[in-house]
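What follows is a short report on a single structure.
Heavy atoms only: backbone and side chains are in, while hydrogens, waters and symmetry mates are out.
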Amino acid sequence: MELDKLREEIDQIDRELLSLFCRRMAVVAQVGQYKKERGLPVLNQGREDAILARARAQVPPEMGDAACELLSTAIRLSRAYQEEILRG
C-alpha cells in the first residue's frame, strides 16, 4: 500500500472518531443535565476506573496504555463539559 493510501485511511478513521466524539459528548451533556437536576457530583471515580479497565481488556496488550490514555482524555473532557453544565 502506498503511503498516501494509508494516510487517506487514517483521515477517514479520524473523521469517524470525531463523529463518535460528538455523539459521546451529546450523551455526556444529557448525563450532566441529569446530575444537575439531582444534585449529583460530576466525578464518579469507580465508573472511570471501570471504563479504563475495560478499555485495557479490549485491546492487544501492547496498546493498553495508549487506549487508557485515549479514554482518560475523553473522560477528562467529558467531566469538564459536565462541570460547565452544572455551572450553567
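- Atoms CD1 and CG, from I51 and L71 in turn, are 7.5 Å apart once rounded to the nearest 0.5 Å.
- Contact record, L86 with L40: CD2-O, 3.9 Å, taken as the closest heavy-atom pair.
- In terms of heavy-atom proximity, M25 sits nearest to S78 at SD-OG, 3.7 Å.
- Listed by chain and residue number, E48 satisfy the salt bridge (Lys or Arg N to Asp or Glu O under 4.0 Å) test with R79 (two or more places apart in sequence, or in another chain).
- One distance of note links CD1 of I10 with CG of L17; it measures 11.0 Å at 0.5 Å rounding.
- Taken together through direct or relayed side-chain contacts under 4.5 Å among Ile, Leu, Val, Met, Phe, Trp and Tyr, L77 and Y81 form part of one hydrophobic cluster.
- Heavy-atom contacts from other residues, nucleotides or ligands closer than 6.0 Å to CZ of R47 number 12 or fewer.
- The heavy-atom pair separating R56 from G64 by the smallest distance is NH1-C, 3.5 Å.
- To the nearest 0.5 angstrom, D11 atom CG is 10.0 Å from D4 atom CG.
- Remark: the E8 side chain and the Q12 side chain contain no N/O donor-acceptor pair separated by less than 3.5 Å.
- A67 and A55 make their closest contact through CB-O, 4.5 Å (heavy atoms, listed as atom of the first residue, atom of the second, distance).
- Remark: E69 CD to M63 CE distance equals 14.5 Å, nearest 0.5 Å.
- Looking at Q33 and E37, their side chains come closer than 4.5 Å, going by heavy atoms from C-beta outward.
- Not a single salt bridge (Lys or Arg N to Asp or Glu O under 4.0 Å) links R76 to another residue, sequence neighbours left out.
- Remark: side-chain polar atoms of K35 are not paired, donor with acceptor, to backbone N or O of I85 under 3.5 angstrom.
- Here D65 contributes atom CG and L52 contributes atom CG; the two are 11.0 Å apart, rounded to the nearest 0.5 Å.
- Applying the 6.0 Å contact sphere to CD of E62 captures more than 12 heavy atoms from other residues, nucleotides or ligands.
- Looking at S19, its side chain never comes within 3.5 Å of a backbone N or O of R15 through a donor-acceptor pair.
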